[in-house]
There are 4 protein chains.
Amino acid sequence: MVTHHNASRRSESSRRAILTAALELVNEVGYAKLSIEGIAARAGVGKQTIYRWWPSKGTVLFEAFLMLNEGEDGEPAALPDTGDLEADLKTVLRATVEELNDPRYDEPMRALNTAIAQDSVLAAAYAERLDGPMKEVKKQRLRSAQQAGQLAGDLDLDVAVDMVWGPVLNRWLQRSAPLTTDYADSVVTTALSGLRPRDSAS
Amino acid sequence: MVTHHNASRRSESSRRAILTAALELVNEVGYAKLSIEGIAARAGVGKQTIYRWWPSKGTVLFEAFLMLNEGEDGEPAALPDTGDLEADLKTVLRATVEELNDPRYDEPMRALNTAIAQDSVLAAAYAERLDGPMKEVKKQRLRSAQQAGQLAGDLDLDVAVDMVWGPVLNRWLQRSAPLTTDYADSVVTTALSGLRPRDSAS
Amino acid sequence: MVTHHNASRRSESSRRAILTAALELVNEVGYAKLSIEGIAARAGVGKQTIYRWWPSKGTVLFEAFLMLNEGEDGEPAALPDTGDLEADLKTVLRATVEELNDPRYDEPMRALNTAIAQDSVLAAAYAERLDGPMKEVKKQRLRSAQQAGQLAGDLDLDVAVDMVWGPVLNRWLQRSAPLTTDYADSVVTTALSGLRPRDSAS
Amino acid sequence: MVTHHNASRRSESSRRAILTAALELVNEVGYAKLSIEGIAARAGVGKQTIYRWWPSKGTVLFEAFLMLNEGEDGEPAALPDTGDLEADLKTVLRATVEELNDPRYDEPMRALNTAIAQDSVLAAAYAERLDGPMKEVKKQRLRSAQQAGQLAGDLDLDVAVDMVWGPVLNRWLQRSAPLTTDYADSVVTTALSGLRPRDSAS
DNA sequence: CCTTAAACGAGACGGTACGTCGGGTCTTGCT
DNA sequence: AGCAAGACCCGACGTACCGTCTCGTTTAAGG
């Protein structure tokens with residue numbers, strides 16, 4: 001038998017309290033020590049109210065991130081387009097680096113990544129709801145450049161996006177080395193020009 | 001720094017049993033459900049023997065990985081060098097992709113990454129003991145190519161390594177899309193040539 | 001005084017299972033090896049359910065004894081009163097001796113005494129809830145004899161009770177010598193007549 | 001196979017340190033929290049040195065008491081004998097009461113009684129080495145009175161001793177009521193005269 | 001407007017695991 | 001050989017949370 005939760009009767013105030021509490025707590029204690037019990041207590045809510053609507057702490061956290069992002073507006077803002085692709089990408093990637101270095105964002109984002117690593121269903125939801133739209137915006141900027149002839153015509157934009165953001169995200173996640181804005185610049189420059197020597201036959 | 005325990009009296013057999021048990025269990029149940037209690041039981045060891053020598057399950061797991069890697073030999077094997085950089089990189093990166101898609105390696109490596117994400121001390125140890133040597137081997141192959149004029153002379157090899165492996169690792173960690181050997185090939189090709197159009201002044 | 005737990009929601013079946021398990025286990029393994037963990041396992045109950053309602057294994061055991069005694073009826077049965085005080089006291093004291101020599105009662109009672117020896121709060125509860133009513137019954141029998149002129153009119157009945165039961169209990173607790181019914185008889189006779197020679201002015 | 005401990009090689013200084021530490025600790029933390037580990041640490045001794053010579057913490061404690069008592073001299077001092085039995089007994093019993101009310105003695109003695117209650121072998125040793133000699137001294141005083149015609153000629157002195165000291169010890173052990181010197185006086189008076197009315201044929 | 005069924009806060013419950021203490025055994029090196 | 005030191009396996013401690021399950025009590029829909 002299936003229990004049909006009547007979402008129309010759902011308490012919106014409890015929902016927001018839970019998501020807010022989850023964000024606060026993940027900042028304070030990290031993902032490992034984040035607990036349903038703790039979220040319920042902080043939110044002033046019964047544990048059952050969380051279990052009724054979410055299957056795990058990871059999904060609560062994910063929805064909390066969704067709330068954050070949708071708080072601003074429906075869709076993520078487009079990337080700047082001054083016509084100078086390299087400058088635009090450096091601007092954006094530097095901002096990303098600074099966000100990732102900000103303790104206010106670092107801990108929660110790391111938590112979200114941990115949640116994804118442990119739950120492939122959640123990973124799919126993340127890909128669709130959060131990462132997907134972001135990636136679309138990035139691809140849009142690259143598409144514009146491609147149409148202006150600044151990128152190779154046969155370039156796979158999915159790969160291209162990974163080429164620019166992948167190294168930065170990976171260095172952040174694995175903490176393999178300090179994440180600096182200089183590094184972001186290097187990645188952009190190198191990705192655009194490639195590893196091989198350019199023809200100097202000018 | 002003071003070591004409180006007399007390592008000379010340490011039981012090597014218990015140590016190996018613990019590390020082996022940790023690897024087995026992380027494969028079977030994943031990092032989230034890996035417990036010190038479970039490791040101790042599987043290893044036939046008292047919990048205190050684990051707590052005496054390791055501060056957390058993450059550090060146990062890390063040392064288990066160290067044991068695996070040092071089991072083979074001292075240093076990681078050099079990358080193939082046929083003179084054809086692009087082919088060599090594709091060979092290596094395809095192998096990486098296949099390893100990451102193998103459930104036998106996927107779960108434990110994901111676990112290690114989770115552990116690193118939650119413990120920056122561990123991340124530093126990982127960078128030094130596991131990731132560092134691997135990266136050195138990769139850089140060595142690139143250095144060889146650079147000296148052969150196949151790579152830009154002013155190329156930062158650290159960035160170059162990230163450019164090739166970063167996208168793959170990131171796609172794997174975030175599960176943002178299926179990880180295929182075709183993707184590996186694309187990454188190598190794109191990284192080498194860059195996103196910009198090549199001069200067609202042939 | 002504030003009760004932190006809502007006793008109205010307390011599970012009566014768990015409570016009884018815990019008390020029963022405690023009695024069984026104390027019989028089987030003795031007080032020293034009685035453990036909260038063991039009681040919980042035997043009762044099919046979580047440890048927390050014990051810690052929620054009792055502060056120590058001693059208090060569990062005490063309440064288990066209370067359950068035993070209140071199981072029979074509200075108040076302890078009155079002592080026999082045939083008019084012959086000496087005979088009645090011997091009857092009762094012999095029964096006490098036999099009970100104390102019965103392994104079924106010896107171990108649990110010894111356990112309760114150990115608990116009392118280590119916890120003065122528990123001792124007060126014991127004095128009020130278990131020992132007190134028993135003592136009142138004993139005093140009642142002595143009062144009846146006193147009114148019949150069989151006991152000294154100025155006799156302190158509290159002291160009198162101690163005089164009859166104290167030696168027996170003490171010999172049992174300290175195991176200073178075998179506890180026999182003959183000894184019980186001697187105690188009654190000696191207590192009634194006193195240590196001094198009686199006037200033989202007949 | 002039996003391990004023959006060669007007592008001749010035994011370290012007397014370790015033995016004394018252990019017994020002293022046991023006494024100190026039982027005073028500080030009580031019998032329940034007294035541990036072999038704690039005794040060894042306090043005594044500056046290896047645990048094995050305790051396990052080599054004693055089978056349990058109870059026996060260590062018992063030997064510590066033996067050391068205390070034999071410290072004074074070989075045999076316990078005789079009871080006062082002024083010729084006035086009642087006065088002498090009151091003097092002695094009041095002293096006993098005061099000792100039992102002194103926290104310095106109460107805790108260790110209670111500990112010894114707990115140990116005895118849980119170990120009948122120890123109880124036998126206690127009866128022979130500590131309680132026996134004390135009882136003999138008490139009986140000696142009563143025998144003297146008996147020979148002087150102050151006690152019934154057919155009186156069983158073992159019972160008589162229990163009659164005087166039993167009530168006091170029992171009230172102390174069970175904490176059934178406050179233990180006062182007045183109570184000690186009452187016990188002596190009542191024991192000597194008996195519970196029955198004395199012939200008033202003066 | 002009034003029922004009535006859900007969602008809700010609270011928190012007890014059977015469990016698992018935590019990290020610690022101490023039990024009793026065993027080994028190592030010193031005296 | 002006895003000893004101090006302490007690692008070892010083990011059992012229990014008392015606590016934190018898990019996910020499930022009642023309890024009354026709101027609360028919002030629909031009769």
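Per chain, numbering begins at 1; letters A, B, ... match sequence-line order.
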Q: Do any of residues 20-34 of chain A sit with a heavy atom less than 4.0 Å from DNA chain E, and if so which?
A: none

Q: Calculate the interatomic distance between D:W53 atom CH2 and E:dG24 atom C1'; express it in whole Å.
A: 18 Å

Q: Whole angstroms only, please: what is the CZ-C1' distance between D:R42 and E:dG22?
A: 17 Å

Q: Just to confirm, is there a sub-4.0 Å distance from OP1 or OP2 of F:dA16 to any side-chain nitrogen or oxygen of A:S35?
A: no

Q: Reading DNA chain F from 5' onward, which residue's closest nucleotide shows up sooner: D:S11 or B:G46?
A: D:S11

Q: From CD1 of D:I18 over to P of F:dG2, roughly how many Å is that when rounded to an integer?
A: 14 Å

Q: Please indicate whether D:R129 has more than 12 foreign heavy atoms, meaning atoms of other residues, nucleotides or ligands, lying under 6.0 Å from its CZ.
A: no

Q: Can any side-chain N or O of B:S120 pair as donor or acceptor with the backbone N or O of B:A123 at less than 3.5 Å?
A: no

Q: Would you kindly compare C:S14 and A:R10 by the position of their nearest DNA chain E nucleotide and give the one closer to the 5′ end?
A: A:R10

Q: With side chains defined as the heavy atoms from C-beta onward, is the minimum distance between D:L130 and D:F62 less than 4.5 Å?
A: yes

Q: Within residues 107-125 of chain D, find the residues that approach DNA chain E with a heavy atom at under 4.0 Å, and present them sorted by residue number.
A: none

Q: Over how many whole Å does the gap from C:R15 atom CZ to E:dC13 atom C1' extend?
A: 17 Å

Q: Please confirm whether the shortest side-chain N or O distance from B:T49 to OP1 or OP2 of F:dC9 is below 4.0 Å.
A: yes

Q: Quick check for you: among E:dA7, F:dC3, F:dC18, whose closest atom lies nearest to any side-chain atom of A:R52?
A: E:dA7

Q: To the nearest angstrom, how far is A:E37 atom CD from E:dA12 atom P?
A: 11 Å

Q: So do D:W54 and D:L19 actually touch side chain to side chain, heavy atoms under 4.5 Å?
A: yes

Q: So does B:E28 pair up with B:K33, basic N to acidic O under 4.0 Å?
A: no

Q: Check this for me: C:R16, atom CZ, are more than 12 non-hydrogen atoms of other residues, nucleotides or ligands nearer than 6.0 Å?
A: no

Q: Any salt bridge between D:E12 and D:R15, counting N to O under 4.0 Å?
A: yes

Q: Taking the side chain from C:R175 and the backbone from D:A117, do they hold a donor-acceptor pair closer than 3.5 Å?
A: yes

Q: Kindly give the atom pairs (protein nitrogen or oxygen, nucleotide nitrogen or oxygen) under 3.5 Å for nucleotides 20-25 of chain F.
A:
unit_1, atom_1, unit_2, atom_2, d
F:dC21, N4, A:Q48, OE1, 2.5
F:dC23, O2, C:R9, NH1, 3.3
F:dC23, O2, C:R9, NH2, 2.9

Q: Would you kindly give the CD1-to-P distance between B:I50 and F:dA7, to the nearest whole Å?
A: 16 Å

Q: Side-chain contact, heavy-atom cut-off 4.5 Å: B:T49 with B:R52?
A: yes

Q: By nearest nucleotide on DNA chain F, pick out whichever of B:G44 and C:I36 is the more 5' one.
A: B:G44

Q: Find the distance B:K57:NZ to E:dG19:P and express it as a whole number of Å.
A: 9 Å

Q: From CD1 of A:I39 over to P of E:dG9, roughly how many Å is that when rounded to an integer?
A: 14 Å

Q: Got a donor-acceptor contact below 3.5 angstrom from the C:K57 side chain to the C:Y31 backbone?
A: yes

Q: Within 45 degrees of the ring normal and closer than 6.0 Å to the centroid, is that where the cationic atom of D:R10 sits relative to D:W53?
A: yes

Q: Do the side chains of A:L173 and B:N113 get nearer than 4.5 Å, heavy atoms only?
A: no

